[in-house]
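Numbered from 1 within each chain, the chains take letters A, B, ... in sequence-line order.
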Amino acid sequence: MTTAAKRLPREFRSPQLRDASVEFDVDKIRNDFPILRQRVRGRALVYLDNAATSQKPRVVIDAISRYYERDNANIHRGVYFLSEHATEEFEGARRIMQAFLNAADASEIIFVRGATEAINLVAQTYGRINVHAGDEVLITTMEHHSNIVPWQILCEDKGARLRVAPISDSGELLLKDFENLLGPRTKIVAVTHVSNALGTINPVQRIIEMAHRGNIPVLVDGAQAVPHLKVDVQALDCDFYVFSGHKVYGPTGIGVLYGKSTLLDAMPPYQGGGDMISSVTFEKTIYNKLPYKFEAGTPHVAGAIGLGAAVEYVNGLGMDNIAAHEHQLLAYATEAVSAIPGIRLIGTAKEKAGVLSFLLDSIHPHDIGTIVDQEGIAIRTGHHCAQPVMQRFGIAATVRASFALYNTRQEVDTLVEGIQKVREVFA
Amino acid sequence: MPDLRELYQEVILEHSKAPRNYRELTTANHRAEGYNPLCGDHFTVYLDLEGDSIRDISFQGSGCAISKASASLMTQSLKGKTKAEAARLFDQFHKLVTGQSPANGNRAELGKLAVFSGVSEFPVRVKCATLAWHTLHASLEGKQDTVSTE
């Protein structure tokens with residue numbers, strides 16, 4: 001891209017799409033991620049903790065640096081060149097998010113710190129005015145703590161009841177039970193799109209249809225979904241959709257709350273401050289229009305721009321290509337790890353994305369994590385901020401390998417060798 | 001590079017597989033619970049104190065090899081000790097696993113507990129090695145709340 005083209009607002013730039021028919025060249029793609037070139041503990045880094053956070057491609061790191069080196073100014077108020085330009089970049093990132101989720105309007109995209117803040121926002125605004133004593137909030141057993149605790153806080157505050165739809169031994173939502181839990185008292189449903197501990201892809205379309213029959217709005221936690229699946233909020237007809245930027249190759253501290261404008265318009269603000277007002281007197285404050293009503297204070301401008309670059313990077317590779325690569329990799333890893341004696345997989349749903357959770361004999365996951373770390377392998381061990389999932393399976397923790405677009409079969413082979421080392425130590 | 005064999009010494013592996021004094025102590029007059037929210041490790045330490053002296057000690061719970069072996073060896077080391085001796089041993093043990101090497105004379109005092117010297121090369125595992133000891137400390141102090149490593 002020429003320097004002149006870089007100065008153009010994003011929507012005027014030529015798309016950087018790679019030819020989708022070109023084979024997914026993972027070795028070439030890995031060169032886009034500087035961190036993957038390093039060695040740790042004398043070994044090539046094998047990063048398999050992508051459900052916790054993903055690594056960043058050079059284009060994201062450069063976009064953030066470029067912003068601070070060239071464009072930094074506060075947005076939405078300066079009348080000078082830099083402020084106008086920073087505002088245009090920030091709002092350009094919003095339009096990239098709109099297209100990414102296929103939202104009807106850019107004003108339905110609220111920039112937040114991450115999925116956690118987005119859920120808290122909905123619980124404390126929509127929830128605060130719509131959930132009352134005796135009402136119910138429906139979630140599922142496989143939620144991350146961030147999609148449990150905000151609702152518990154709300155329910156405790158209001159004297160409402162948190163209902164939990166159960167899951168099967170394979171880690172699939174029991175849809176019949178879910179449907180039976182919907183009732184006239186249910187004021188909102190909050191469900192994860194993809195489970196961070198099990199990898200299960202929930203049938204969110206059907207969940208939303210069921211809830212909408214009773215006019216119950218649905219929040220979908222997409223933190224683990226957007227890196228792996230195409231999401232279309234209009235096709236889903238979901239009411240709220242949330243995700244964190246850092247899990248989809250963007251920076252930390254930035255994320256998105258999508259909400260239908262009719263719902264967002266009727267909600268009170270979350271935080272008060274600058275940018276979320278249109279006029280302030282000591283007698284009365286008039287709130288700003290969407291999306292600014294929910295963006296109090298100077299936002300994470302560099303983060304939004306970095307996330308914009310990340311989503312453009314993903315778009316360039318093509319989500320279908322990414323999903324196909326990851327699907328094959330997960331199938332390969334599932335087969336290879338299952339073949340190790342003493343392995344018990346946790347989460348064997350038919351539809352899965354990105355996550356392989358398992359146990360090895362009675363060896364504690366932390367011991368496994370420490371031993372494979374010596375081979376340069378980064379995996380997550382513990383309860384994955386989903387303690388109710390652990391309780392459901394009667395375990396304290398699991399080992400979790402989670403995959404991203406840059407992972408390879410060789411890395412899976414290294415993981416398998418690492419697990420063999422664990423067996424040797426504990427033989 | 002830290003050596004795995006230094007961390008997972010035979011004594012540690014053996015105690016993690018067959019922990020000693022692993023039972024509820026019916027004669028206990030003190031007990032405390034310890035919890036590491038990072039990994040979910042959870043132990044209960046039971047004490048039968050006679051005056052200032054630890055007449056009997058046991059534990060129960062779940063955790064990794066390091067935390068379980070540490071709890072097991074702790075109970076072995078402390079039976080018959082006074083509260084002051086236990087506190088002193090905890091101090092020595094803490095120095096050992098955090099790499100503040102105790103003087104040679106003191107290392108001898110640690111006895112079998114010296115097998116945990118490898119932990120100092122694995123800073124994220126220090127909490128595993130000390131969970132049972134923190135729990136013991138709470139039990140001696142008569143604290144009722146669950147002790148957390150955080």
| query | Do any of residues 420-427 of chain A have a heavy atom less than 4.5 Å from a heavy atom of chain B, and if so, which, in residue order? | reply | A:Glu424, A:Val425, A:Phe426, A:Ala427
| note | residues 11-20 of chain B vs salt bridge (charged side-chain N to carboxylate O under 4.0 Å, His left out), sequence neighbours excluded, gives B:Glu14-B:Arg20
| Between B:Glu24 and B:Arg31, is there a salt bridge with N-O shorter than 4.0 Å? | no
| query | If you count heavy-atom pairs under 4.5 Å between each of B:Leu13, B:Ile66, B:Val124 and chain A, which one has the most? | reply | B:Leu13
| task | Answer whether the closest heavy-atom distance between the side chains of A:Leu415 and A:Leu48 falls below 4.5 Å. | result | yes
| Can you pull the salt bridge (charged side-chain N to carboxylate O under 4.0 Å, His left out) pairs that have at least one residue in residues 385-400 of chain A, sequence neighbours excluded? | A:Asp49-A:Arg400, A:Asp169-A:Arg392
| Ring center gap for B:Phe90 and B:His134 short of 6.0 angstrom | yes
| query | Can you find a pair of side-chain heavy atoms, one from B:Asn21 and one from B:Lys79, that are under 4.5 Å apart? | reply | yes
| message | Using the salt bridge (Lys or Arg N to Asp or Glu O under 4.0 Å) criterion, which residues pair with A:Asp367? Sequence neighbours excluded. | response | B:Arg125
| query | Quick one: what part of B:Leu4 sits under 4.5 Å from any heavy atom of chain A, side chain, backbone, both or neither? | reply | side chain
